[in-house]
Protein chains: 2
Amino acid sequence: MSRTTTSPPDPDRPPARPLRADAERNRQRIIAAAQEVFASRGVDVTLDDIARHAGVGVGTAYRRFANREELIDAVFEGALQHLIALAEQALAHEDPWEGLVQLFLATGQDFADDRGLREVLLEGTQGEARSAIAGERLTPAVSAVLRRAQRAGQLRDDIEPTDFPLIQLMLGAVTRHSRNVTSELWKRYLTLILDGLRHDRDHPTPLPRPALDQDEFEQTLP
Amino acid sequence: MSRTTTSPPDPDRPPARPLRADAERNRQRIIAAAQEVFASRGVDVTLDDIARHAGVGVGTAYRRFANREELIDAVFEGALQHLIALAEQALAHEDPWEGLVQLFLATGQDFADDRGLREVLLEGTQGEARSAIAGERLTPAVSAVLRRAQRAGQLRDDIEPTDFPLIQLMLGAVTRHSRNVTSELWKRYLTLILDGLRHDRDHPTPLPRPALDQDEFEQTLP
DNA sequence: ACTAAGCGGAGATCCCATCTCCACTTGATG
DNA sequence: CATCAAGTGGAGATGGGATCTCCGCTTAGT
């Protein structure tokens, strides 16, 4: 990671004078547009699409962001910080298990709302190094939440930190597949998985949203 | 579905004389090659790739299969029948719960081994109608296995037939993401989910293969 | 009012998958 | 064995779609 919103010192290229006011305004518009387009259609959209959505010419987009990578970094830095904040909030919850559930729910919601975020942080589609770095920044906070719930005897002991992103990946697969029909279906499977994660339980926790019926299931396909 | 290996009566087109021996041999070679290529690289490969892998010219491939759809049908009919057979075997298992576990494991293995099968039957990527039809043929057998385990009080009551493919979809996401590093990781999450599916349990079932460590996790990304 | 910075977007350039075409080879048949 | 319809290979035509450039025009800044 480098090249975030505020450019780091870069010895070889000229001092980079500040942008003209309108240019800076356009830059922000492009980032905002990219955020929206990535969220709904994934990071694999053309810069032309983003430019059109931002109401600027393609040339402008290419002048500001030589490649899509820079744009992706600029867009997802905020989302990553939000995820870290969620983990810290979870740790502050008085009940360790409830905090963990909160974390799964809130993080899951972020991923459910943003296809680009899933692709970049979970699926690693073309995300390469980025997801690794994001993972490194997230792991400490997430680990703390998990370990606390384990120490409280609520979370099974054989869960490891890397299970967290993989569970989110599974939930993301449900979302990707069903978002057009029922946007909440992933919560059903999260409830199921949480019942698997508890250290012990007498009876199943009721599942939300009684599954897809056969017709709905077929609608998820195209 | 139509146009499987043995072509059904098709009133409008000429009686379709039998292929010459070498042509028929090539046809089979192409199907076999497609099976392998779909399994390892997904159905979204070019006919050129398949032809090369089969050791025939592109022209030959296009002469036999006007579009990739026909080829996909020819290739996956067998896999679908295998899945149905698995469900029937599961139903024959003496213990309903063990039968269910068998079904999840055996089906999961089929999907883990064949990326094309996942794409066509689970992800519905370009699979459109095909997955719906496959679903219709699979649902009865799967439902029977689920209901039997529910009647035995072993499977929680709020599970529905459509949960089955969605759970497989989740496991498929794990496989897709981790196959290069650990091909068995999906079983870990299946165990976890099965612990969520049990009607009641005192303690967690030990999870196989102690998760990815951080290094391995990072390797799953590219 | 002047000028450097920025803009738009048509179109040049690339890349890649699909599919055709025809000179050549081969299996079937008498 | 001779004949020829059936089949073959694979170079290249076609089309589509993404990336990125270029330059005449507009605008912010002083």
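The basis for the numbers below is simple: all heavy atoms, side chains too, and nothing from hydrogens, waters or symmetry mates. All values reported here derive from a predicted model rather than from experimental measurement. Residue numbers start from 1 in every chain, and the chains themselves are labelled A, B, ... in the order their sequence lines are given, proteins ahead of strands.
In this structure, the side chain of A/Asn67 engages the main chain of A/Glu70 through a donor-acceptor pair within 3.5 Å.
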Name each donor-acceptor pair under 3.5 Å that joins a side chain in residues 82-90 of chain A to protein atoms two or more places apart or in another chain, with its distance.
{"from": "A/His82", "atom 1": "ND1", "to": "A/Asp110", "atom 2": "OD2", "distance (Å)": "2.7"}

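When the ring pair (Phe, Tyr, Trp, His ring centres under 6.0 Å) test is applied to A/Phe164, the partners found at least two apart in sequence or on another chain are A/Phe104. With sequence neighbours left out, the ring pair (Phe, Tyr, Trp, His ring centres under 6.0 Å) criterion links B/Phe38 to B/Phe76.
When DNA chain D is scanned in the 5' to 3' direction for atoms under 4.0 Å from non-hydrogen atoms of chain B, the outermost contacting nucleotides are D/dA5 to D/dG10.
Within the 4.5 Å cutoff, the side chain of B/Phe111 has no heavy atoms near those of the B/Leu171 side chain.
Residues B/Leu155 and B/Ile159 come closest through the heavy atom pair CD1-CG1, 4.1 Å. For B/Val75 against B/Ile31, the heavy-atom pair with the smallest separation is CG2-O, 3.8 Å.
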Protein-nucleic acid N or O pairs under 3.5 Å, nucleotides 13-16 of chain C:
none

Do any N or O atoms of the protein come closer than 3.5 Å to N or O atoms of nucleotides 19-30 of chain C, and which pairs are they?
{"from": "C/dT26", "atom 1": "O2", "to": "B/Arg20", "atom 2": "NH1", "distance (Å)": "3.3"}
{"from": "C/dG27", "atom 1": "O4'", "to": "B/Arg20", "atom 2": "NE", "distance (Å)": "3.3"}
{"from": "C/dA28", "atom 1": "OP1", "to": "B/Ala21", "atom 2": "N", "distance (Å)": "3.3"}

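Between A/Asp49 atom CG and C/dG9 atom C1' there is a gap of 15 Å when expressed in whole angstrom units.
Ionic pairing of B/Arg176 and B/Glu119 is not present here: no N-O contact between side-chain nitrogen and carboxylate oxygen is shorter than 4.0 angstrom. A salt bridge links B/Asp49 with B/Arg52; the closest basic N to acidic carboxylate O contact falls under 4.0 Å.
Residue contacts shown for A/Arg64 are limited to sugar-phosphate atoms, with no base heavy atom under 4.0 Å away.
A side chain to side chain contact (heavy atoms under 4.5 Å, CB included) with B/Leu91 is found for exactly one of B/Leu100, B/Leu103, B/Val145, namely B/Val145.
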